Chemist: 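The structure follows.
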Amino acid sequence: MEKLIEITKPIAQSDFALWNNPNSLIPRKPDGSESLAQERGKATFDVKDLSVFIHGREELERMERLTLLLESEPVFSKDDQFFKSRTERFRQAMKKSVRLIELEREHNWTYDDWWTAASLNDEPGPILLHHSMFIPTILGQGSDEQKELWLPLAKEYKIIGCYSQTELGHGSNIQGLETTASYNEKTEEFEINSPTLTAAKWWAGGLGRTATHAIVVARLILKNRDLGTHNFVIQIRSTETFKPLPGIIIGDIGPKYGYQAIDNGFMLFDHIRVPRNSMLMRFAQVQPDGTYVQPPNAKLSYGTMVQVRTRIVKGAAAAIARSAVIATRYSAIRRQFSNPEASKDDEIFNAMNQAIHSENLLDHEQVLPSRSSQPIETAILDYSIQKTRIITGISKAFALHSTGKLMSSLYSKLQLDLEKGDLSLLAETHATSSGLKSVTTDMATEVMEDLRRSCGGHGYSQFSGFPDFIANYLPNVTYEGDNHLLTQQTTRYLLKTYDFLKLTAAKPGGKLGIMSKAKAMTPTTRYLASAAVDSEFSSRQMQFPDTWFISPKIKPKRGGVTRKWTSIPFNPVESDPATLASILLAAFAYRAGHMVRNLSVSLAHKEITWTSALPEVHRICQAHCHFVIVESFFRGIGLLGANSLVSEVPNSTSTNPGIREDTKRVLTDVALFYALSTILNPAVLADFLQIGAPYLTNTSIKKLKLWMTKSMASIRPNAVALCDSWAFSDFQLQSALGRFDGRVYENMFELVSKEPLNIGENAVVVKGYKETFGRILKGEKVEWNEIDRVLGETQSINSKAKL
């Protein structure tokens, strides 16, 4: 074991940047690389195997290839990104965007190549919406002729697009948008107009200074009839002069919380005219004579929203994972106080403290520390409160990863069904994507901030990699639908489904039909069947405190049906993981189903109105999404087999995930920890208490806590390895705290040596100090003209004050 080091020489003075570490100081032992090496040596699974499970072999190879490419390109250097102004970052983003386009052409990038490169670049820029919204909307809502016209231009960057829906006065209430598109059948043109100031388009990324074209959401006016909002492709800037076209006022909306390199813009129209084929007409159409052709289903346009929300759900998993990587690595390196109990499994801690106490450090070549008797401190990851925060973040990242896979599968099936004219999955997928977008992004923002805080004071530094990253993520809770409003869409659908099942159950033989026909039970709402067919389910009382009652098995019987209740002795510490997973999943289904049923009854009896029930509506959506997340996680790692207490999900993730047994074991621990930590959340426990869940007794809750502690103990040795499996490169993380090599403290000093306030004309004494604080300290009169001359101001503060 290497010795601790003491440097007793005085710090040398310098007139330039070498002030940062002139004597080549190193951190106190153990250093970060030693700590992380120890952590990685504890892993009980193959990190590469789990990386392949997360990303797929093809994507991993793509990430590695594109990381090497971008790192070799000077324009993508992130060395001074922390120190740039907003204007400088936007200009740099322009250069990066252009180079991405060149690389796309040089290397014949695929769609996936571009998105991976953009993710690795990690600086959302002015053409982001061109790829994320402009092209997908044309693909999803344009007619064949419109796609032939616009897509080649967009893909070859002959035009640059954005998506302009939100207005200064309206966001979530799309039906309240004020921009109008009035059709003139004589000229076969639409007149686009902003009738009020609040009709100004606002927030569109890429609109402010970049886009030449925009998809504009406007109210369609035909023969004085308002037919609601429709999408229009409108040229807004000249592709020759790059100036806004006549009748269009465009600009940047100014500083924001994040997205410093994106030109979010505003736009006003003054009765401009565009041709009839500017309206996207895959579904709704306007014929030359002004006849309106309605879409076969008013919700067909939801396809694009589902695609975007699916990407958001997957992004939530990646955002939590990235935060967990930084916080976990730093927590393994950072040492605070000395607690032998917490550090009992820390070999470095035990060996170094033993060496100190036995005074064997003198045998080493290095000099002794001045306080050699001071014990080595405990890695903060080993304190139970920090361990819980970190492992909670890790578990949520993996949970949402499985949910993202589920949503991708549902969206792919939806697209195939729509091509065949089958709309049966549309409402289901839209409702699920709406709820999951809300719940997962709320979860991500909460976990990211908690993980930032878990890093202590250094988490507040830009060098931690958190501030910009979190600020850029925060809009996810607002765009594509405000999170609290979206939950209403999901709960409305759940109520509609429950009421349908209830009506079906009331018919002769209806109960048997509901439970036996999978067609009546959609992938994410089949749990509502139990609540619909069994009026006694919520009032069933347990006969034994250690027994869980699971939803009844329905069997045919002459003259009707009979219920056979299944009871399972519940001792989670002794239960096998698959059994516990099935029981937990049944509990989540029970909670969601009965919350839906109780609200349905209350609304039907007029005990409550929809408006007054909105807080409960929000909670029901959360309960539903918790069920979906837990099930997708369990099923995604093969934890639910054919004997599961919960029926199979049509088109669900395979029960054979294709991973090694050691990998599956650690993921099982992570999955159970996620489910247990969720069910033991006080707000969730309150839901069970409110609906009268018969199986959550004090005894069972204590046993759940014991299993959660057991799972956490199994996960702890794998914490760093689990984070490594996400394969974030240092280039992408851009975090001193989360570096793969553990050089946290060295890198912090390397970065501060680049701070403009510390170098160049600001070295030793910052520019302007002599003329400002210097005069105050010497008791001299402040000369404002001198200050203006030195600091480059054109008008002194003193003069402005007089004005």
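Hydrogens, waters and symmetry mates play no part in the numbers below; they use all other heavy atoms, side chains included. We count residues from 1, following the sequence as given. Being a predicted model, the structure only gives us computed values, none of them experimental.
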Chemist: Ignoring hydrogens and angles, state whether a donor on the side chain of D662 or T44 is under 3.5 Å from an acceptor on the partner side chain.
Modeler: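 Their side chains do not contain a donor-acceptor pair, so the 3.5 Å distance test is not met.
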Chemist: Treating N762 as the side-chain partner and P756 as the backbone partner, does any N or O pair qualify as donor plus acceptor under 3.5 Å?
Modeler: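 Here the side-chain-to-backbone pair exists.
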Chemist: Are R57 and E61 within salt-bridge range, i.e. N to O under 4.0 Å?
Modeler: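 No, this pair does not count.
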Chemist: Only one of D49, T668, V47, V52 forms a side chain to side chain contact (heavy atoms under 4.5 Å, CB included) with T663, so which one is it?
Modeler: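 Testing each of D49, T668, V47, V52 against T663, the sole residue satisfying side chain to side chain contact (heavy atoms under 4.5 Å, CB included) is D49.
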Chemist: With rounding to the nearest 0.5 Å, note down the distance linking CG in L66 to CD in E71.
Modeler: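 Result: 11.5 Å between the selected atoms.
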Chemist: Please name all residues satisfying ring pair (Phe, Tyr, Trp, His ring centres under 6.0 Å) with H130, sequence neighbours left out, ordered by chain then number.
Modeler: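 Once residues adjacent in sequence are excluded, the partners of H130 under the ring pair (Phe, Tyr, Trp, His ring centres under 6.0 Å) criterion are F134, Y157.
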Chemist: Check the angle between the aromatic planes of W726 and F398 and answer parallel, tilted or perpendicular using the 30° and 60° thresholds.
Modeler: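 W726 and F398: tilted rings.
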Chemist: Here's a test for you: under side chain to side chain contact (heavy atoms under 4.5 Å, CB included), which of L400, L406, L436, I637 qualifies with S632?
Modeler: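 Among L400, L406, L436, I637, the one that satisfies the side chain to side chain contact (heavy atoms under 4.5 Å, CB included) with S632 is L406.
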Chemist: Does the side chain of T210 pick up a donor-acceptor pair with the side chain of D263 at under 3.5 Å?
Modeler: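 Yes.
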Chemist: Is it the case that the side chains of Q732 and T67 hold a donor-acceptor pair, with the cut-off being a distance below 3.5 Å and no angle test?
Modeler: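 No.
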Chemist: State whether Y411 and K405 meet the cation-pi test: NZ (Lys) or CZ (Arg) under 6.0 Å from the six-membered ring centroid, and within 45° of the perpendicular axis.
Modeler: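 Verdict for Y411: no cation-pi partner in K405.
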Chemist: Drop me the distance from E104's CD to H131's NE2, to the nearest 0.5 angstrom.
Modeler: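 That separation rounds to 5.5 Å.
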Chemist: To the nearest 0.5 Å, what is the distance between CG on L722 and CG on L667?
Modeler: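 Going from CG on L722 over to CG on L667, the span is 7.0 Å.
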Chemist: Of all heavy-atom pairs between I54 and S725, which one has the smallest distance, and what is that distance?
Modeler: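 Looks like CD1-OG, 3.6 Å.
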Chemist: Is any side-chain N of the basic residue among R739 and E746 closer than 4.0 Å to the acidic one's carboxylate O?
Modeler: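 The answer is no: the pair does not qualify as a salt bridge.
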Chemist: Just to verify, what does K396 make a salt bridge (Lys or Arg N to Asp or Glu O under 4.0 Å) with, not counting sequence neighbours?
Modeler: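 Expected list: none.
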Chemist: Salt bridge check, E750 against R743: does any charged N sit closer than 4.0 Å to a carboxylate O?
Modeler: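 Salt bridge present between R743 and E750.
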Chemist: Can any side-chain N or O of E449 pair as donor or acceptor with the backbone N or O of E446 at less than 3.5 Å?
Modeler: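 A pair under 3.5 Å: no.
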Chemist: Shortest non-hydrogen contact from A736 to L751?
Modeler: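 Smallest interatomic distance, heavy atoms only, reads CB-CD1, 4.1 Å.
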Chemist: Return yes if some donor-acceptor pair links the side-chain N/O of S461 with the main-chain N/O of G457 below 3.5 Å, else return no.
Modeler: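 No: the side chain of S461 does not pair with the backbone of G457.
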Chemist: Count the heavy atoms of every other residue, nucleotide or ligand shown that sit under 6.0 Å from CE of M94, and state whether that count exceeds 12.
Modeler: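 No - once you tally the heavy atoms of other residues, nucleotides and ligands closer than 6.0 Å, there are 12 at most.
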Chemist: Keeping the roles fixed (side chain from S438, backbone from S434), state whether a donor-acceptor pair exists under 3.5 Å.
Modeler: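 Not confirmed, S438 side chain does not pair with S434 backbone.
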Chemist: Between N483 and T441, is a side chain to side chain donor-acceptor pair (under 3.5 Å) present by the stated rule, with each step listed?
Modeler: CA-CA 8 Å; N483 277 3; T441 56; 2.8 Å; yes
Chemist: Please report the closest heavy-atom contact between L120 and L70, naming both atoms and the distance.
Modeler: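 Taking every non-hydrogen atom into account, CB-CD1, 3.9 Å.
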Chemist: Answer yes or no on whether R452 is positioned over the face of Y460, meaning its NZ or CZ is under 6.0 Å from the six-membered ring centre and within 45° of the axis.
Modeler: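 R452 over Y460 ring: no.
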Chemist: Go through the side-chain N and O atoms of D112 and T110 and say whether any donor and acceptor fall under 3.5 Å apart.
Modeler: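 Side-chain D/A pair, D112 to T110: absent.
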Chemist: Any salt bridge linking K78 with D730? Criterion: basic side-chain nitrogen under 4.0 Å from a carboxylate oxygen.
Modeler: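 So K78 does not pair with D730 through a salt bridge.
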Chemist: Between R99 and K95, is any pair of side-chain heavy atoms under 4.5 Å apart?
Modeler: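 No, side chains not in contact.
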Chemist: If you measure from the Lys or Arg side-chain nitrogens to the Asp or Glu carboxylate oxygens, is any gap between E59 and R62 under 4.0 Å?
Modeler: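 So E59 pairs with R62 through a salt bridge.
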Chemist: Is R40 close to F740 at the side-chain level, that is, under 4.5 Å between some pair of heavy atoms?
Modeler: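 Yes - at least one pair of side-chain heavy atoms lies under 4.5 Å apart.
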Chemist: Please check this pair: side chain of E123 against backbone of S119, looking for a donor-acceptor N/O pair closer than 3.5 Å.
Modeler: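 Not a single qualifying donor-acceptor pair exists.
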Chemist: Please determine whether a side-chain nitrogen of the Lys or Arg among R716 and E39 lies less than 4.0 Å from a carboxylate oxygen of the Asp or Glu.
Modeler: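 Looking at E39 together with R716, the answer is yes, because their closest N to O distance falls below 4.0 Å.
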Chemist: Do side-chain atoms of R389 reach the backbone of D450 as a donor and acceptor pair under 3.5 angstrom?
Modeler: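 The answer is yes, because a donor-acceptor pair under 3.5 Å joins these two groups.
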Chemist: For the atom pair CE (M443) and OG1 (T440), what is the distance rounded to the nearest 0.5 Å?
Modeler: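 Answer rounded to 0.5 Å: 7.0 Å.
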Chemist: Looking at K387 and D382, does any basic side-chain N land under 4.0 Å from a carboxylate oxygen?
Modeler: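 Judged by the 4.0 Å cut-off on N to carboxylate O distance, K387 and D382 do not form a salt bridge.
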Chemist: Under 3.5 Å, is there a donor-acceptor pair between the side chain of R237 and the main chain of A211?
Modeler: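 Yes; at least one donor-acceptor contact below 3.5 Å.
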Chemist: Does NZ or CZ of K754 come closer than 6.0 Å to the centre of the six-membered ring of F83, within 45° of the ring's axis?
Modeler: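 Pair K754/F83 does not count as cation-pi.
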Chemist: Would you indicate whether the side-chain heavy atoms of I262 and F90 approach each other to under 4.5 Å?
Modeler: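 Contact flag for F90/I262 side chains = no.
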Chemist: Assess whether salt bridge (charged side-chain N to carboxylate O under 4.0 Å, His left out) is satisfied between D80 and R89, documenting all intermediate values.
Modeler: CA-CA 10 Å; D80 58 352; R89 290 181 69 169; over 6 Å; no
Chemist: Check whether S331 reaches the backbone of L381 with its side chain - one donor and one acceptor, N or O, closer than 3.5 Å.
Modeler: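 Not confirmed, S331 side chain does not pair with L381 backbone.
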Chemist: OH of Y257: more than 12 outside heavy atoms within 6.0 angstrom?
Modeler: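 Counting neighbours around OH of Y257, 12 or fewer heavy atoms of other residues, nucleotides or ligands fall under 6.0 Å, so no.
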Chemist: Using a cut-off of 6.0 Å, state whether more than 12 heavy atoms not belonging to E58 lie near its atom CD.
Modeler: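 No, because the 6.0 Å sphere around CD of E58 holds 12 heavy atoms or fewer from other groups.
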Chemist: Closest heavy-atom contact between T328 and C723?
Modeler: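 Scanning both residues, the minimum pair turns out to be OG1-SG, 3.4 Å.
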Chemist: Salt bridge (charged side-chain N to carboxylate O under 4.0 Å, His left out) between K437 and E480: does it pass, once the steps are laid out?
Modeler: CA-CA 9 Å; K437 184 270 180 186; E480 286 306 305; over 6 Å; no
Chemist: Aromatic ring centroids of F463 and F82 under 6.0 Å?
Modeler: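 Aromatic pair counts; centres sit under 6.0 Å.
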Chemist: Minimum heavy-atom separation for K147 and I138, please, with both atom names.
Modeler: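 The pair with the smallest heavy-atom distance is CG-O, 3.5 Å.
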Chemist: Hey, does F76 have a side-chain heavy atom less than 4.5 Å from the side chain of L103?
Modeler: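 L103 reaches F76 side chain to side chain.
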Chemist: Whether the side chain of S454 engages the backbone of L451 through a donor-acceptor N/O pair (distance < 3.5 Å, no angle test) should be reported.
Modeler: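 Yes, because the side chain of S454 sits within donor-acceptor range (under 3.5 Å) of the backbone of L451.
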Chemist: Please say whether more than 12 non-hydrogen atoms of neighbouring residues, nucleotides or ligands are located less than 6.0 Å from NZ in K42.
Modeler: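 Above 12, so yes.
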Chemist: Looking at M63 and A727, what are the two nearest heavy atoms and their distance?
Modeler: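 That closest heavy-atom pairing would be CE-O, 3.5 Å.
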Chemist: Less than 4.5 Å apart, any side-chain heavy atom of Y479 and any of Q165?
Modeler: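 SC-SC contact between Y479 and Q165 ruled out.
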Chemist: Any Lys/Arg nitrogen of R91 or E88 sitting under 4.0 Å from an Asp/Glu carboxylate oxygen of the other?
Modeler: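 So R91 does not pair with E88 through a salt bridge.
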Chemist: Sub-3.5 Å donor-acceptor pair from the side chain of K664 to the main-chain atoms of G638, do we have one?
Modeler: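 It does hold such a pair.
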